[in-house]
Amino acid sequence: WNGTGKVKRYQLDGTFVDDFTAVGVSQSIGLDWDQSGNLYVSSYGGKLVRKFDTAGQDSGVFISANLLGPTNIWFDVNGDLLVTDYNGTAVKRFDHSGTYLGDFITGLSKAEGMAFLPDGHILIGNGASKSVKEFDAGGAYVGERISGGSGGLLTPNAVVIREVASSGLNEIDRHQWAVTPSLGVEFKLSIPETMDVQMVAVYDMLGNVVEELSASSTGTWNAQDHPQGIYLIAVATSDGLMTSHRVVVKRN
């Protein structure tokens, strides 16, 4: 936010590697990768989104209009970039060239922080109402997942679904993987003896089940019969817990 504005790279053990991006982005908050591996970083103060190539070299400003204070950003299954506008009232949609397409989610105020539920629904922190709002995969309002001020909530600016339960269900991997369709997506869960896997399914970002897999804590999903895009591998257990893994399938 207030440092050099560069995206810094670290090994998983915390060892610093380098400044990944060649130039800084002032008051940077949100970032995401497109299906080709390019990196996008939002600048709250600059009211823009900047693009970097796969090696972190600057590709210039990607969006510089129709934004008042961008925070979180993410790509949808169609390759459009969705931008949460803290100072606006919406999540705004832009195409692959940065052209503004319109509002994807409306009715927000001081919006910051987002997360995906296994069914593709979206949770967004809404500072003005001191709540976390839920929207379906198409952007329609569902309701308040966390009501205003619940538990002393004041201004939510981060929303994370921790895919680890106290009963011992471990997350698969919260990070997004990019895979080619010819490769199987392997997953593995550590399940306590008192719990059984009831369902393993692959969802698209509209919440549709595209394939049901064997109900097992380990397995492989072969993506070669499915189009490129973003998918969720969701696993449900006998006590109602669910965890998911976000996967990007791309064609070479």
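Rounding to the nearest 0.5 Å places CZ of Arg145 at 12.5 Å from OG of Ser150. Between Ile122 atom CD1 and Met114 atom CE the span is 6.5 Å, to the nearest 0.5 Å. Rounded to the nearest 0.5 Å, atoms CD1 (Ile63) and OG (Ser43) are 12.0 Å apart. Rounding to the nearest 0.5 angstrom, the gap separating the CD atom in Gln35 from the NE2 atom in His96 is 12.0 Å. Here the CE atom belonging to Met199 is positioned 10.0 Å from the CG atom belonging to Leu213, to the nearest 0.5 angstrom. Taking CZ of Phe52 as the reference point, atom OG1 of Thr21 lies at 4.5 Å (rounded to 0.5 Å).
Using a distance-only test at 3.5 Å, with no hydrogens or angles considered, no donor-acceptor pair links the side chain of Lys51 to the main chain of Leu39. Within the 3.5 Å criterion, the main-chain N or O of Ala55 finds a donor-acceptor partner in the side chain of Asp53. No side-chain donor-acceptor contact under 3.5 Å links Asp85 to the backbone of Ala90. Under the 3.5 Å distance criterion, the side-chain polar atoms of Thr155 are left unmatched by any main-chain donor or acceptor of Gly127. Listed for the Asp103 side chain is no donor-acceptor partner under 3.5 Å among the backbone atoms of Thr106. The closest donor-acceptor contact from the side chain of Asn72 to the backbone of Glu112 lies at 3.5 Å or more, if one exists at all. For the pair Asp34 (side chain) and Ser36 (backbone), a donor-acceptor distance under 3.5 Å is present.
Summarising the geometry of Phe135 relative to Ile105, their closest heavy-atom pair is CE2-CG2, 3.3 Å, with the distance given to 0.1 Å. Of all heavy-atom pairs between Lys47 and Pro70, the closest is CA-CD, 3.7 Å. Nearest approach of Pro156 to Ser131, heavy atoms of both residues: CG-O, 3.4 Å. For the pair Ser26 and Gly46, the tightest heavy-atom approach, listed with the atom from each and the gap, is OG-N, 4.2 Å. Between Tyr141 and Glu134, the closest heavy-atom pair is CD1-O, 3.6 Å. Here the shortest heavy-atom pairing between Ser28 and Val41 reads CB-CG1, 3.6 Å.
Atom NZ of Lys133 is surrounded by more than 12 heavy atoms from other residues, nucleotides or ligands within 6.0 Å.
One hydrophobic cluster, built from ILVMFWY side chains closer than 4.5 Å, holds both Phe116 and Phe104. When the side chains of ILVMFWY residues are joined at heavy-atom separations under 4.5 Å, either directly or via intervening members, Val91 and Ile73 end up in two distinct hydrophobic clusters. The same ILVMFWY cluster, assembled from side-chain heavy atoms under 4.5 Å apart, contains both Phe20 and Val23. Tracing side-chain contacts under 4.5 Å through hydrophobic residues (I, L, V, M, F, W, Y), one reaches Leu232 starting from Val209; they form part of the same cluster. Placement of Leu123 and Val83 in two distinct hydrophobic clusters is found when ILVMFWY residues are connected by side-chain heavy-atom separations under 4.5 Å, directly or transitively.
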Exercise for the section: Would you check, one step at a time, whether the test side chain to side chain contact (heavy atoms under 4.5 Å, CB included) holds for Val210 with Tyr203? Expected result: CA-CA 6 Å; Val210 299; Tyr203 290 83; over 6 Å; no
Practice task
Go through Ser129 and Glu144 one step at a time and tell me if the side chain to side chain contact (heavy atoms under 4.5 Å, CB included) criterion holds.
Solution key: CA-CA 10 Å; Ser129 60; Glu144 288 193 348; 4.1 Å; yes
Practice task
Just do the side chain to side chain contact (heavy atoms under 4.5 Å, CB included) check on Asn38 and Thr54 with the steps written out, would you?
Solution key: CA-CA 5 Å; Asn38 299 303; Thr54 56; 4.2 Å; yes
Practice task
Using the side-chain hydrogen bond (donor to acceptor under 3.5 Å, both in side chains) rule, take Asn87 and Tyr44 through it: C-alpha gap first, then chi angles, then the decisive distance, then the call.
Solution key: CA-CA 9 Å; Asn87 292 329; Tyr44 172 78; 3.2 Å; yes
Exercise for the section: Tell me, with the steps shown, if Val200 and Glu212 meet side chain to side chain contact (heavy atoms under 4.5 Å, CB included). Expected result: CA-CA 6 Å; Val200 180; Glu212 292 187 4; over 6 Å; no
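Side-chain contact between Leu67 and Val49 is present, with heavy atoms from C-beta onward closer than 4.5 Å. Side chains of Val17 and Gln11 form a contact here, defined as non-hydrogen atoms less than 4.5 Å apart. Residues Asn126 and Val132 form no side-chain contact, since every pair of their non-hydrogen atoms from C-beta on lies 4.5 Å or further apart.
Between Arg93 and Asp80 there is a salt bridge, with a side-chain nitrogen of the basic residue lying less than 4.0 Å from a carboxylate oxygen of the acidic one.
Checked options Phe75, Trp33, Trp74; the residue passing with Tyr40 is Phe75 (criterion: ring pair (Phe, Tyr, Trp, His ring centres under 6.0 Å)).
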